[in-house]
Amino acid sequence: MSKQEPKYNLAYDETFSCVQCGYCLPSCPTYKTMEKETHSPRGRINLVKMAAEGKIPISQLKEPIDLCLGCRACETACPTNVQYGKILDSAKVALQNEVKDRSKAKKYFKDLIFKHTLPNERTLNLLGNGLRMYQKSGLKQIAHKSGIINLFPKKISAFDQITPNIPSQAKKRQRPRVLKPEGEAAFKIGFFKGCIMDTVFSEINDLSMKLLRASGCEVVLIEEQTCCGALQSHSGDREIAKSLAKANIEAFEQHSFDFIVNSIGGCGAMLVEYHHLFEDDPEWYERAKAFAEKNKDISFVLSQLELPFKKEINKVVTYQPSCHMTNVQKLTKEPLLLLRSIPGITYREHDQANMCCGSAGIYNLVNYEESMEILDEKMKNIQKISPDIIVTTNPGCHLQMKLGVVRENLSNSVEVVHLVELLCEACDIKVDG
């Protein structure tokens, strides 16, 4: 078949790498739960190819693409190195540009979140304070006990139940901007804090920086950084993602760091692929590539250092990998090395551990029922090994696994923690310590 001039600016050439072999099928959570070819990687690739050739309208991609988790496990399984992520992103951008079925209200809401909220630390702090007041004032308990919360969509009630206690946003202003180790620094680290992460899980960021310092690193927190742009990019808002990428690149270029470190699997995947946003801009491509090469998950750096363990954690632990760490950052050994190095733990791997948990950014909010089907499959495998602790490395996975624990009535016996939290417990490092 001869290649044609593609329509909609889709990643048409990349679709020809797919030989429709089906090796991706067992790795795809949506194919497993939905059992439809159009919801498999090879099915979606074929639809993109057909749309690019003008054989089907671009609107026919909407449901299959919207229901893709973007976990990219298919890339890891693929024997022909298909660039599924590039094909998927091109389809999202095309749908964003070509499909005009969004209401003005939806567009306004999306712009409000992606343009004016996530990149704006002041707005995020106000939202964080509002949520903290809702939790601390007793309104949350009243809403659940009275049944008022049930007037809202089921997903709102579910996630409200498992949202962690929001730390004081004012406390973040008191953070030291530079943390120096006692002796000579092994590495000089620029710390990337994220947007949602630093609103809901700011204490994990604080622990991360303290753990890096205790392990011999100098850690610098620069104020000029902003949202990584992952959610915007995954929704097809490529121009917003590019503007945020430029802001972060310019901010970190002003400093000389050995690594730029984060403890957020999803953000990390976006940061290490910044250069793909600028493939049509040579100057920014090179700057973005240099930035991307310095970005590392905290597990990568910690695995090269000696951690100051002080106590045993005598618990059975399993690990739910972040898809974006496994399939994009290609970090699989480091978190496990760190887990197994913790004194006292018994590590047990659950079946199909690399299968997505169904969080996928905001997928579990936008496609709640489909996400819960994937989560329920995950929890079946986890329950077989009876862990005391489920370890995660990404805030979305963290919340999703907490919801899984609640759905299976395991809240009294199973705890969900970030890898950094468990390492800090074993090192006796506390948020206020």
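These figures come from a predicted structure and were not determined experimentally.
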Side chain of Glu421, backbone of Glu203: donor and acceptor closer than 3.5 Å? no
Qualifying residue, where the test is side chain to side chain contact (heavy atoms under 4.5 Å, CB included) with Leu118 and the options are Ile113, Ile240, Leu112: Ile113
Consider side chain to side chain contact (heavy atoms under 4.5 Å, CB included). Of Thr76, Asn81, Val82, which one does Cys78 pass it with? Val82
Below 30° counts as parallel, above 60° as perpendicular, anything between as tilted: where do the rings of Tyr274 and Phe291 land? parallel
Parallel, tilted or perpendicular, as decided by the 30° and 60° cut-offs, for the rings of Phe259 and Phe187: perpendicular
For atom NZ of Lys180, decide whether the heavy atoms of other residues, nucleotides or ligands shown that lie under 6.0 angstrom number more than 12. no
Side chains of [X] and [Y]: donor-acceptor distance under 3.5 Å anywhere?
{"X": "Thr392", "Y": "Gln400", "answer": "no"}
{"X": "Gln352", "Y": "Lys32", "answer": "yes"}
{"X": "Lys172", "Y": "Gln169", "answer": "yes"}
{"X": "Asp297", "Y": "Ser299", "answer": "yes"}

Between [X] and [Y], does at least one N-O distance fall below 4.0 Å, as a salt bridge requires?
{"X": "Lys296", "Y": "Glu334", "result": "no"}
{"X": "Glu377", "Y": "Lys380", "result": "yes"}
{"X": "Glu279", "Y": "Lys86", "result": "yes"}
{"X": "Lys430", "Y": "Asp428", "result": "yes"}
{"X": "Glu283", "Y": "Arg287", "result": "yes"}

Give a yes or no on whether the ring-centroid distance for Phe201 and His398 is below 6.0 angstrom. yes
Considering all heavy atoms, the nearest Val272-Ala292 contact: O-CB, 3.5 Å
